[in-house]
K.L.:
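One structure, pasted below without further comment.
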Amino acid sequence: MISNSLTDPSKIYGIHIWSEENFIVEDGVVKINHGCKPSLIEITKKIRENGLKGPLFLRFPHIAAKNVRTLFSHFERAKREFGYTGKFKAVFPLKVNQFPGFIIPLMEATNDLDYGLEAGSKGELVLAMAYTNLGKPITVNGFKDREMISIGFLAAKMGHNITLTIEGINELELIIKEAIRFGAPIPKIGLRIRLHTGGIGIWAKSGGYSSKFGLTSTELLEAMDLLKKHKLTDRLSMIHFHIGSQMNHISPLKKAIREAGNIYAELRKLGAENLRAINIGGGLAVEYSQQEELSSRNYTIEEFTNDVVFLLKEISDAKGVREPTIFTESGRFVAAGHAVLVAPVLELFSQEYSEKILHLKKKNPPLVQELYDLYRSISVKNAREYLHDALDHMESLLTLFDLGYIDLTDRANTETLVHLIIKKALELLRHKPSKEIRDVLNRVQEHYLVNFSLFQSLPDYWGLGQTFPVMPLDRLNEQPTRSASLWDITCDSDGEIAFNIDKPLYLHDVDVEKEEYFLGFFKVGAYQEVLGMRHNLFTHPTEATVNFDEKGNFLIENIVEAQNILDVLDDFDYDSKEIERLIRQQIEESATIKDDEKKEILGELYIYLSENGYLRTINLKK
Ligand SMILES: *Cc1c(COP(=O)(O)O)cnc(C)c1O
């Protein structure tokens with residue numbers, strides 16, 4: 001904004017960097033770059049017309065489907081380029097997003113591809129069985145007990161193309177036991193290898209020797225012996241690794257592929273003649289950054305697919321083995337972009353500073369009087385100078401207060417006048433960007449109270465410092481003038497996205513009592529929904545799916561309203577009927593409420609209890 005590279009308001013929020021052309025800025029609003037290109041603001045307003053206030057979680061199934069197709073088409077392209085004869089298949093790892101509003105449309109939209117689901121728990125395995133078409137791949141990772149392995153055998157009996165990836169020798173022993181009990185068909189067996197290569201980044205714990213998962217070289221040999229002994233070698237069909245999520249560099253993956261490629265070739269030499277696939281796990285990164293220089297990954301999908309195909313071809317050629325089927329389990333890459341959280345701004349904290357609230361005295365301390373004069377006479381010519389003076393005066397006045405020389409009224413007048421001067425100066429200097437003004441702006445931030453819970457909707461911001469693209473949904477042909485800190489509505493001081501000078505967020509100076517202002521948090525479709533926690537009892541926000549018909553018109557479907565207050569309490573094992581009874585009793589027995597008011601009060605309370613816990617409005621004027 002203020003710096004010259006950012007004077008184009010449509011580019012301030014870096015939409016060209018992170019949106020992969022799924023969203024565009026046109027006519028001052030964010031639009032969905034699909035079909036009739038509706039704007040997010042019109043979709044939001046349409047949904048809110050039905051009385052659904054609070055934050056909205058919007059799903060765009062076409063984006064997730066597009067991401068899967070991008071993955072397939074890039075692998076197919078790389079295969080053609082390098083003359084690779086192995087196949088490409090993929091699964092979606094359920095742990096990234098198990099919500100029906102995401103999974104069901106994804107499976108429907110990709111049923112022409114060799115695309116299935118990956119499960120890491122019994123619950124996820126049941127989902128994988130229900131929603132993967134027969135013949136499409138299912139993979140099962142993570143720790144398994146005998147029961148989970150039995151479910152895998154049942155899936156194989158049902159005709160599913162299922163691979164149980166073992167994480168340790170004990171799991172192979174359980175599979176052997178079940179094979180004896182069930183007989184054929186026996187699920188395919190995968191071996192998770194413990195890489196010597198470590199991952200990088202904040203999610204790196206999945207790879208490397210100290211990883212929670214996978215077989216060492218010695219254990220791989222032991223597994224081969226066990227398989228041979230029980231005549232199950234023909235079931236070994238895949239080796240697998242996963243080096244961690246959101247790989248920001250490509251080099252650890254390249255190392256891991258060399259390692260896995262050589263293990264694949266060695267195991268085939270040892271007699272694993274049906275070993276046909278290398279499953280490279282997930283980790284394909286998503287661009288979350290709104291600043292070019294802070295990019296979240298140092299590679300493109302093109303480079304990623306080229307590297308995987310090229311390296312596996314090179315190793316296969318060198319070792320004289322058939323080129324393996326390439327298998328991926330990319331989750332974040334598929335899911336992140338499909339969802340946007342839209343949250344209304346409830347309040348700008350400096351908005352309370354208006355001339356009306358000044359309590360100037362007949363005789364004010366000289367510095368306060370001077371502030372008032374600055375405020376009255378500020379103009380384009382002197383704005384910078386006056387701004388500096390105002391900030392200096394404020395420092396002095398606050399010191400005077402600490403020393404007991406001015407009173408609370410003087411201090412309040414100081415605060416108000418300084419805010420008024422800053423606002424006026426910013427307005428006057430809007431067209432004269434300078435580093436100095438930016439510095440002032442960055443010191444005097446505006447706090448925006450936003451109707452959402454960071455813990456529920458952006459838990460990785462809180463837990464891992466992961467940032468998400470955020471921008472207003474409209475006014476994108478106006479320069480934003482305020483450095484923004486965002487406050488959520490939980491009463492936790494961690495519920496804040498503080499202004500960060502390295503990745504500054506500038507927002508508009510709006511009067512939310514007069515006009516609505518919505519922020520979009522983008523790329524929240526991976527991990528956030530399921531990791532989201534009900535801190536302060538804020539639950540999953542109201543969700544809606546935006547689909548497009550053949551003509552490109554948009555349809556708002558599957559609206560699921562956020563849980564109401566009593567349902568949330570029920571989920572916490574409270575007895576909501578008992579709560580209702582206790583409250584009714586207190587009202588009925590109350591000596592302070594008049595009898596003829598009791599029914600009305602009870603009725604009003606019931607209405608509140610049947611609504612969700614997000615805030616509706618906090619402005620009395622609306
Ligand atoms: C979590 C996980 C994935 C998904 O990783 P993304 O980074 O989301 O692509 C894939 N495979 C395994 C085994 C996982 O644990």
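Both ligands and their constituent atoms are indexed starting at 1 by order of listing.
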K.L.:
Going by the order shown, which atoms of ligand 1 are within less than 4.0 Å of some heavy atom of Ser330?
P.N.:
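Taking each heavy atom of Ser330 in turn, ligand 1 has 9 (O) under 4.0 Å.
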
K.L.:
Mind checking whether Lys95 has an N or O less than 3.5 Å away from an N or O of ligand 1?
P.N.:
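Checking ligand 1 against Lys95, an N or O pair does fall under 3.5 Å apart.
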
K.L.:
Any atoms of ligand 1 less than 4.0 Å from a non-hydrogen atom of Gly331? List them with their elements.
P.N.:
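Reading through ligand 1 atom by atom, the close ones are 6 (P), 8 (O), 9 (O).
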
K.L.:
What residue among Lys87, Lys79, Lys313 forms salt bridge (Lys or Arg N to Asp or Glu O under 4.0 Å) with Glu323?
P.N.:
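For Glu323, the salt bridge (Lys or Arg N to Asp or Glu O under 4.0 Å) check succeeds only for Lys313.
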
K.L.:
Where does Pro93 meet ligand 1, judged by heavy-atom distances below 4.0 Å: at the side chain, the backbone, both, or neither?
P.N.:
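Only the side chain of Pro93 comes within reach of ligand 1.
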
K.L.:
Cut-off 3.5 Å, side chains only: do Ser296 and Glu287 have a donor facing an acceptor?
P.N.:
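Note: Ser296 and Glu287 side chains meet the donor-acceptor criterion.
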
K.L.:
May I ask you to list the atoms of ligand 1 that are less than 4.0 angstrom from any heavy atom of Glu329?
P.N.:
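With Glu329 as reference, the close atoms of ligand 1 come out as 3 (C), 4 (C), 9 (O), 10 (C), 11 (N), 12 (C), 13 (C).
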
K.L.:
Is the closest N or O pair between Tyr527 and ligand 1 shorter than 3.5 Å?
P.N.:
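Yes: some nitrogen or oxygen of Tyr527 is under 3.5 Å from one in ligand 1.
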
K.L.:
Taking distance alone, with N or O pairs closer than 3.5 Å, would you say Arg332 contacts ligand 1?
P.N.:
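Yes; at least one N/O pair falls below 3.5 Å.
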
K.L.:
Does the side chain of Glu529 come under 3.5 Å of the side chain of Asn97 through a donor N or O and an acceptor N or O?
P.N.:
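Result is yes, a qualifying pair exists.
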
K.L.:
Gly283 to ligand 1: N or O pair under 3.5 Å?
P.N.:
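Between Gly283 and ligand 1 (N or O atoms, distance only) the closest approach is under 3.5 Å.
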
K.L.:
Could you tell me which atoms of ligand 1, counted from 1 in the order shown, lie closer than 4.0 angstrom to a heavy atom of Ser245?
P.N.:
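Result: 6 (P), 7 (O), 8 (O).
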
K.L.:
Does even one non-hydrogen atom of His240 get within less than 4.0 Å of ligand 1?
P.N.:
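For ligand 1, residue contact (heavy atoms, under 4.0 Å) with His240 is present.
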
K.L.:
Counting each atom of ligand 1 from 1 as listed, which ones have a heavy atom of Gly282 under 4.0 Å away?
P.N.:
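Once the distances to Gly282 are compared, the set is 5 (O), 9 (O), 10 (C), 11 (N).
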
K.L.:
Looking at Glu118 and Lys95, is any side-chain nitrogen of the basic one under 4.0 Å from a carboxylate oxygen of the acidic one?
P.N.:
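Salt bridge between Lys95 and Glu118, a charged N being under 4.0 Å from a carboxylate O: no.
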
K.L.:
For the residue pair Asp460 / Gln528, report whether a side-chain donor-acceptor contact shorter than 3.5 Å exists.
P.N.:
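Yes, because at least one side-chain N or O of Gln528 sits under 3.5 Å from a partner of the opposite role on Asp460.
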
K.L.:
When you compare the side chains of Ser237 and Asn274, does any donor N or O come within less than 3.5 Å of an acceptor on the partner?
P.N.:
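No donor-acceptor contact under 3.5 Å links the two side chains.
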
K.L.:
Assess, by modelled atom type and distance only, whether the side chains of Glu178 and Ser150 contain a donor and an acceptor separated by less than 3.5 Å.
P.N.:
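A pair is found: one side chain offers a donor N or O, the other an acceptor, under 3.5 Å apart.
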
K.L.:
Could you list which atoms of ligand 1 come closer than 4.0 Å to a heavy atom of Val96?
P.N.:
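Counting from 1, the qualifying ligand atoms are 8 (O).
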
K.L.:
Quick check: Tyr288 with Phe522 (ring centres under 6.0 Å apart)?
P.N.:
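No; Tyr288 has its ring centre 6.0 Å or more from that of Phe522.
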
K.L.:
Could you verify whether a donor N or O on one side chain and an acceptor N or O on the other, from Lys89 and Asn279, lie under 3.5 Å apart?
P.N.:
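Result is no, nothing qualifies.
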
K.L.:
Which of the atoms of ligand 1 are close to Asn141, meaning less than 4.0 Å from one of its heavy atoms?
P.N.:
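Result: 13 (C).
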
K.L.:
Phe213: heavy atom below 4.0 Å from ligand 1, yes or no?
P.N.:
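Not so, Phe213 does not reach ligand 1.
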
